[in-house]
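Here's the structure we're looking at; comments come further down.
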Amino acid sequence: MSSGYSSLEEDAEDFFFTARTSFFRRAPQGKPRSGQQDVEKEKETHSYLSKEEIKEKVHKYNLAVTDKLKMTLNSNGIYTGFIKVQMELCRPPQTSPNSGKLSPSSNGCMNTLHISSTNTVGEVIEALLKKFLVTESPAKFALYKRCHREDQVYACKLSDREHPLYLRLVAGPRTDTLSFVLREHEIGEWEAFSLPELQNFLRILDKEEDEQLQNLRGRYAAYRHKLEEALREVWKPD
């Protein structure tokens with residue numbers, strides 16, 4: 001995976017991911033999507049801040065940027081910008097045979113995404129997985145925000161309806177204040193896995209348990225052998 005800039009709209013074959021339209025499936029030929037629907041979705045964008053507040057925050061954000069990844073505010077109040085997502089995956093995800101060298105399996109790798117303020121967490125996860133041709137369900141993954149406060153680090157899983165770019169705008173550009181991390185769901189959230197996958201997990205656990213038991217039996221057998229030899233030496237007749 002490259003740690004440089006990538007635009008999701010360049011990599012997602014079946015999706016648009018732009019500042020104007022937000023994130024939606026490509027309409028079939030002959031059935032264009034209504035532009036009014038897109039406008040209505042944009043109007044829903046961030047009731048958190050007024051247009052003037054957004055304008056002021058975008059201005060302050062851009063003044064604080066040090067890596068040229070600035071935000072752009074459009075006349076309709078929608079803004080675009082960049083977020084960096086760190087990949088913290090415990091295992092390599094299943095990918096399409098056509099994925100080639102694209103792989104999100106490198107733990108700790110950073111990916112820079114260009115998104116709109118209308119894009120939700122769920123949309124970002126789906127588009128990120130699609131970029132790397134991951135065939136597993138987006139429901140198996142979660143986006144976390146990592147906050148640093150008074151030398152303490154806090155990680156919080158974001159809901160699918162939250163807007164990452166809004167969080168980035170409010171927190172400012174410093175990643176040591178706020179950063180984003182993609183992870184698998186925590187252990188215990190099994191509903192995202194299919195029955196064959198769960199059965200495979202059990203087989204792996206059984207195999208690991210057998211290996212641990214064999215190692216343990218081997219250690220105690222060796223220890224018993226040494227004790228028996230020591231006892232024979234003690235009771236050996238003179």
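Residue numbers count from 1 along this sequence. These figures come from a predicted structure and were not determined experimentally.
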Table please: side-chain donor-acceptor pairs of residues 63-72 below 3.5 Å, with sequence neighbours left out.
residue: Asp67; atom: OD1; partner: Leu69; partner atom: N; Å: 3.2
residue: Asp67; atom: OD2; partner: Lys84; partner atom: NZ; Å: 3.4

Checking [X] now: which residues fulfil side chain to side chain contact (heavy atoms under 4.5 Å, CB included) with it, not counting sequence neighbours?
{"X": "Val234", "answer": "none"}
{"X": "Glu52", "answer": "Ser50, Lys55"}
{"X": "Arg217", "answer": "Leu213"}

*asked:* If you define the side chain from C-beta out and look only at heavy atoms, does anything of Met110 sit under 4.5 Å from Val85?
replied: no
Return the set of residues passing salt bridge (Lys or Arg N to Asp or Glu O under 4.0 Å) with [X] (not counting sequence neighbours), or none when no residue passes.
{"X": "Glu233", "answer": "Lys236"}
{"X": "Lys145", "answer": "none"}
{"X": "Asp176", "answer": "Arg174"}
{"X": "Lys51", "answer": "none"}

*asked:* Run the side-chain contact (heavy atoms from CB on, under 4.5 Å) test on Lys157 and Leu143 for me, step by step, so that the C-alpha distance in whole Å, both residues' side-chain angles and the decisive distance to 0.1 Å come before the verdict.
replied: CA-CA 6 Å; Lys157 185 171 73 172; Leu143 191 67; over 6 Å; no
*asked:* Using a strict threshold of under 4.0 Å (side-chain N to carboxylate O), is an ion pair present between Arg146 and Glu88?
replied: yes
Return yes if some donor-acceptor pair links the side-chain N/O of [X] with the main-chain N/O of [Y] below 3.5 Å, else return no.
{"X": "Asn215", "Y": "Glu211", "answer": "yes"}
{"X": "Arg161", "Y": "Gly122", "answer": "no"}
{"X": "Ser117", "Y": "Tyr79", "answer": "yes"}

*Please list all pairs passing the salt bridge (charged side-chain N to carboxylate O under 4.0 Å, His left out) test where one or both residues lie in residues 110-122, with sequence neighbours left out.*
none
*If you group Ile, Leu, Val, Met, Phe, Trp and Tyr whenever their side-chain heavy atoms sit less than 4.5 Å apart, what else falls in with Ile204?*
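Taking Ile, Leu, Val, Met, Phe, Trp and Tyr as members, Ile204 stands alone, with no cluster partners.
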_According to side chain to side chain donor-acceptor pair (under 3.5 Å), who are the partners of Glu56, at least two apart in sequence or on a separate chain?_
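Expected list: Lys60.
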Report all side-chain donor-acceptor pairs from residues 220-232 shorter than 3.5 Å, counting only partners two or more places apart or in another chain.
residue: His225; atom: NE2; partner: Glu229; partner atom: OE2; Å: 3.0

